[in-house]
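Shown next, in structure tokens, is the structure this report addresses.
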Amino acid sequence: MIQPIPYGRQNITDEDIQAVTEVLRGEYLTQGPKIAELESAFAAYTGAQYAVAISNGTAALHLCAMALGVQEGTRVITTPITFAASANCVRYCGGEVWFADIDPDTFTLSLEKTRALLESKPKGFFSGIIPVDFAGLPVNLEDFRALADEFGCWIIEDACHAPGGSFTNSAGESISCGSGTYADLAIFSFHPVKHIAAGEGGMITTNNESLYKHLLRLRTHGITREADLLTENHGGWYYEMQELGYNYRITDFQAALALSQLKRADAGLKRRQEIADRYTEAFAKAGIAAPLVNEGSQHAWHLYVIQIGNRKALYDFLRTQNIFCQVHYIPVHLMPYYRQFGWNKGDFPLSESYYEQCLSLPMYPALTNEQQDFVIQSILEFLQA
Ligand SMILES: *Cc1c(COP(=O)(O)O)cnc(C)c1O
């Protein structure tokens, strides 16, 4: 019996273990120096000015929605093809989630559908847009920025799938995912299936200094110790809780793990690209279309998604071979929780037909060529049967 092959998994090296145990033997378990080290390394990696490490990607989204002022009645647009957290962050703050359908080629939030939705309501009706770099394909945020500006909206880039990804803007510049060039805020996750594992963990990046400072406060209960922000000062111990924040901090040993993993991010991305190329080449003859990559873009290959008519039969067959594929995603608007707001089957036909046929194949740097060949051979065997 061969080892089970999941669709994604972490890769932990001896250096990672050493980085974590060093912290465990040291002075700080949480709020230690590794957090700031991770933040500055991650800011450098994405090209953003500021980075705030958070306990997980979902909490990062929540704080972004808070910092941008989402509250009851605030309306925000996102894609149905994403993890529910991209939408849930709006609900945490009492706002309304609206959806626009996906682009049929890229499977990311459609610029045209988003424009049509914005134009269908008076200006000011919507406050924000949350595009997702789905599967690792960078959204063209230059286009979304122009649209958002026209309608007075902010942008949160959900870049959980895309550390290391980039696209080329109209000036021919390479724009990294999470660089803060066009989006107000971007978020990442350090969940084990993502590029950088910390157990749990997340990051917000931005070029906006006031949002950055606000996020630092919100991450730790809404508390500040900054002298010039205090309304009184009783002495060295004094701090003020100036608004309702949370404890969304990451621990120092998680930060050490993420930092150690970040050092291998480029190598991991290179390996993901190789795996993607091998799938694409092997399936070309079998008539399985490769995921689209825009010219001038670096796809980050969090997922390698194929479209297949008899998806359930293939999924079940691969399970018998100990290959555990996944489906990304069941459209968020069809979740029972979101249906209560009136969303229904048929609302977003492109997302729904994408969902009927999508399958995410094993994709992670530690996947060996032999394992991948077995996956490919199993799929081809299924197609020929
Ligand atoms: C993983 C993921 C999240 C949530 O991240 P967690 O760290 O698991 O909370 C949000 N959005 C997308 C698109 C994700 O893939």
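This structure is a prediction, so every number in the text was calculated from the model and none was measured. One-based numbering, in listed order, for ligands and for the atoms of each. Along the sequence shown, the residues carry numbers beginning at 1.
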Legend entry - Contact check: Gly57 vs ligand 1, nitrogen or oxygen atoms, below 3.5 angstrom: yes
Inset, instruction - Please indicate whether any nitrogen or oxygen in His161 is less than 3.5 Å from any nitrogen or oxygen in ligand 1. - result: yes
Inset, instruction - May I ask whether Phe188 places a heavy atom under 4.0 Å from ligand 1? - result: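 Per 4.0 Å heavy-atom rule, Phe188 does not contact ligand 1.
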Inset, instruction - Give a yes/no on ligand 1: does Gly201 have at least one heavy atom closer than 4.0 angstrom to it? - result: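 Under 4.0 Å: yes for Gly201.
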Inset, instruction - Just let me know how Asn56 lines up against ligand 1, side chain, backbone, both or neither, with a heavy-atom cut-off below 4.0 Å. - result: both
Legend entry - His302 and ligand 1 - part of the residue with a heavy-atom distance under 4.0 Å: neither
Can you pull out the closest protein heavy atom to [atom]? Residue, atom name and distance to 0.1 Å, please.
atom: atom 11 (N) of ligand 1; value: Asp158 OD2, 2.8 Å
atom: atom 8 (O) of ligand 1; value: Ser189 OG, 3.9 Å
atom: atom 1 (C) of ligand 1; value: Lys194 NZ, 1.5 Å
atom: atom 9 (O) of ligand 1; value: Thr58 OG1, 2.5 Å

Legend entry - Test item: side-chain donor near acceptor, Ser110 and Asp101, under 3.5 Å: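 Result is no, nothing qualifies.
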Legend entry - Test item: Gln10 and Val193 side chains (from C-beta on) under 4.5 Å apart, heavy atoms: no
Inset, instruction - For Thr82, take its heavy atoms, then give the atoms of ligand 1 lying under 4.0 Å from any of them. - result: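 By the 4.0 Å cutoff, the relevant atoms are 13 (C).
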Legend entry - Contacting atoms of ligand 1, where contact means under 4.0 angstrom from a heavy atom of Tyr329: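 Near Tyr329, meaning under 4.0 Å from one of its heavy atoms, ligand 1 has 15 (O).
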Legend entry - Test salt bridge (Lys or Arg N to Asp or Glu O under 4.0 Å) applied to Glu96 - qualifying residues, sequence neighbours left out: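 Glu96: salt bridge (Lys or Arg N to Asp or Glu O under 4.0 Å) contacts with Arg75.
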Inset, instruction - Using the ring-ring contact (aromatic ring centres under 6.0 Å, His included) rule, take Tyr7 and Tyr304 through it: C-alpha gap first, then chi angles, then the decisive distance, then the call. - result: CA-CA 9 Å; Tyr7 84 90; Tyr304 192 97; over 10 Å; no
Donor-acceptor contacts under 3.5 Å from residues 118-132 side chains, at least two apart:
unit_1: Glu119; atom_1: OE2; unit_2: Arg115; atom_2: NH1; d: 3.0
unit_1: Ser120; atom_1: OG; unit_2: Leu117; atom_2: O; d: 2.6
unit_1: Lys123; atom_1: NZ; unit_2: Glu150; atom_2: O; d: 3.2

Inset, instruction - Please check if atom OH in Tyr337 has more than 12 non-hydrogen atoms from other residues, nucleotides or ligands closer than 6.0 Å. - result: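 Yes, the 6.0 Å shell around OH holds more than 12 heavy atoms from other groups.
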Inset, instruction - Answer yes or no: does atom CG of Leu334 have more than 12 heavy-atom neighbours from other residues, nucleotides or ligands under 6.0 Å? - result: yes
Inset, instruction - Could you tell me how the ring of His234 sits relative to the ring of Tyr238: parallel (under 30°), tilted (30 to 60°) or perpendicular (over 60°)? - result: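 Plane angle between 30° and 60°, so tilted.
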